[in-house]
Trainee: 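Next up is a structure, given as structure tokens.
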Amino acid sequence: MTSITTSGVTLNIKSCRTKFAHRFVRSLLQIRNHAPPSSSSSSEEKLIQKRRQRIKIAAYSSMAHAVGPRMNWSRALLFKLRNRACRHRKKKRIVVIRRRTKKASRSSQGSVPADQAKKLRRLVPGAKSMDLCSLLEETAHYITCLSTQIKVMQALADHLSK
């Protein structure tokens with residue numbers, strides 16, 4: 001059986017895959033059961049976009065729940081999804097503040113590994129304040145979980161296309 005040991009915590013990949021698959025299929029069934037009847041073609045595109053977003057959220061939520069609160073990225077995703085659900089329930093208007101993006105410049109101020117670590121911190125949920133060693137461990141685990149997510153989704157697609 002395949003397992004990963006990070007920060008003294010052993011994670012069973014097959015168990016995570018099974019937990020993710022069960023939770024994801026359950027979420028997909030809920031999405032299908034709560035789908036509104038289709039109407040005009042213009043609103044059909046909106047329905048497809050909403051369904052795509054719900055499937056994406058279900059995939060992230062299922063994986064974060066399968067891993068549990070052991071990893072920073074899963075805690076960050078669960079926190080983000082929980083806050084999104086609260087905002088959705090309250091139906092408040094949310095103002096998004098756009099951050100100015102600075103053009104990447106290779107100057108003597110920033111080193112290449114620091115720039116790469118900064119890019120990783122943007123990609124991995126909950127990695128903003130980690131040291132480099134923890135960041136690399138979280139990134140490795142996050143990539144493993146994303147590949148598990150892909151394998152499960154591919155298996156579902158293969159099974160349903162038969």
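Keep in mind it's a predicted model, so treat the numbers as computed, not measured. Scope of the values below: all heavy atoms of this structure, side chains included, with no hydrogens, waters or symmetry mates.
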Trainee: Tell me, do Phe24 and Met153 make a side-chain contact under 4.5 Å, heavy atoms counted?
Mentor: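 Yes, their side chains come closer than 4.5 Å.
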Trainee: If you round to the nearest 0.5 Å, how far is CE of Met63 from CG of Leu77?
Mentor: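 If I round to the nearest 0.5 Å, the distance is 10.5 Å.
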Trainee: If hydrophobic clusters are built from ILVMFWY residues whose side chains come within less than 4.5 Å, do Leu78 and Met130 share one?
Mentor: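 Each belongs to a different hydrophobic cluster.
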Trainee: Are the side chain of Ser74 and the backbone N or O of Met71 linked by a donor-acceptor pair below 3.5 Å?
Mentor: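 Yes, Ser74 side chain to Met71 backbone: donor-acceptor pair under 3.5 Å.
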Trainee: With side chains defined as the heavy atoms from C-beta onward, is the minimum distance between Arg84 and Ile57 less than 4.5 Å?
Mentor: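 Contact flag for Arg84/Ile57 side chains = yes.
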Trainee: Quick check: does any side chain N or O of Glu138 sit under 3.5 Å from a backbone N or O of Trp73, one acting as donor and the other as acceptor?
Mentor: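 Side chain of Glu138 to backbone of Trp73, a donor-acceptor pair under 3.5 Å: yes, one is there.
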Trainee: For the residue pair Val67 and Phe20, establish whether any side-chain heavy-atom pair is separated by less than 4.5 Å.
Mentor: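 Counting from C-beta outward, Val67 and Phe20 never come under 4.5 Å.
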Trainee: Give a yes or no on whether Ile55 and Ile48 share a hydrophobic cluster (residues Ile, Leu, Val, Met, Phe, Trp, Tyr; joining criterion: side-chain heavy atoms under 4.5 Å apart).
Mentor: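 In one cluster with Ile55: Ile48, no.
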Trainee: Give a yes or no on whether Val152 and Val25 share a hydrophobic cluster (residues Ile, Leu, Val, Met, Phe, Trp, Tyr; joining criterion: side-chain heavy atoms under 4.5 Å apart).
Mentor: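 Looking at the clustering, Val25 is in the same group as Val152.
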Trainee: Look only at the side chain of Ser147 and the backbone of Thr144, and say whether a donor-acceptor pair between them is shorter than 3.5 Å.
Mentor: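 A pair under 3.5 Å: yes.
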Trainee: Let me confirm one number: the CG-CG distance from Leu146 to Leu123, rounded to the nearest 0.5 Å.
Mentor: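 Spacing of CG (Leu146) from CG (Leu123) equals 10.0 Å.
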Trainee: So, for Ala127 and Arg121, which heavy atoms are closest and what is the spacing to 0.1 Å?
Mentor: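 Closest heavy-atom pair between Ala127 and Arg121: O-CG, 3.1 Å.
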Trainee: Of all residues at least two apart in sequence or in a different chain, which pass the side-chain hydrogen bond (donor to acceptor under 3.5 Å, both in side chains) check with Asp158?
Mentor: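 Partners of Asp158 by the side-chain hydrogen bond (donor to acceptor under 3.5 Å, both in side chains) criterion, ordered by chain and then number, come out as Gln154.
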Trainee: For the NZ atom of Lys128 and the NZ atom of Lys118, what is their distance to the nearest 0.5 Å?
Mentor: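 Lys128 atom NZ to Lys118 atom NZ measures 12.0 Å (nearest 0.5 Å).
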Trainee: Determine whether Arg17 and Lys151 make a side-chain contact, defined as any pair of heavy atoms from C-beta on separated by less than 4.5 Å.
Mentor: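 Result yes, sub-4.5 Å side-chain heavy-atom pair found.
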Trainee: In Å and rounded to the nearest 0.5 Å, what is the CD to CZ distance from Gln30 to Arg26?
Mentor: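 Answer rounded to 0.5 Å: 7.5 Å.
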Trainee: If the condition is side chain to side chain contact (heavy atoms under 4.5 Å, CB included), which residues does Leu132 pass it with, not counting sequence neighbours?
Mentor: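 So Leu132 forms a side chain to side chain contact (heavy atoms under 4.5 Å, CB included) with Ala117, Leu135, Leu136.
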Trainee: Let me confirm one number: the NE2-CG distance from His34 to Leu29, rounded to the nearest 0.5 Å.
Mentor: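 Output value for this atom pair is 10.5 Å.
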Trainee: Looking at CZ of Arg70 and NE2 of His141, how far apart are the two atoms once the value is rounded to the nearest 0.5 Å?
Mentor: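 The CZ atom of Arg70 sits 7.0 Å away from the NE2 atom of His141.
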Trainee: Report yes if some heavy atom in the side chain of Leu156 is under 4.5 Å from a heavy atom in the side chain of Leu28; otherwise report no.
Mentor: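 Yes. Closest side-chain heavy atoms under 4.5 Å.
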Trainee: Got Tyr142 and Pro125 here, is their nearest side-chain heavy-atom distance under 4.5 Å?
Mentor: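 The answer is yes, as the side chains (C-beta and beyond) meet within the 4.5 Å cut-off.
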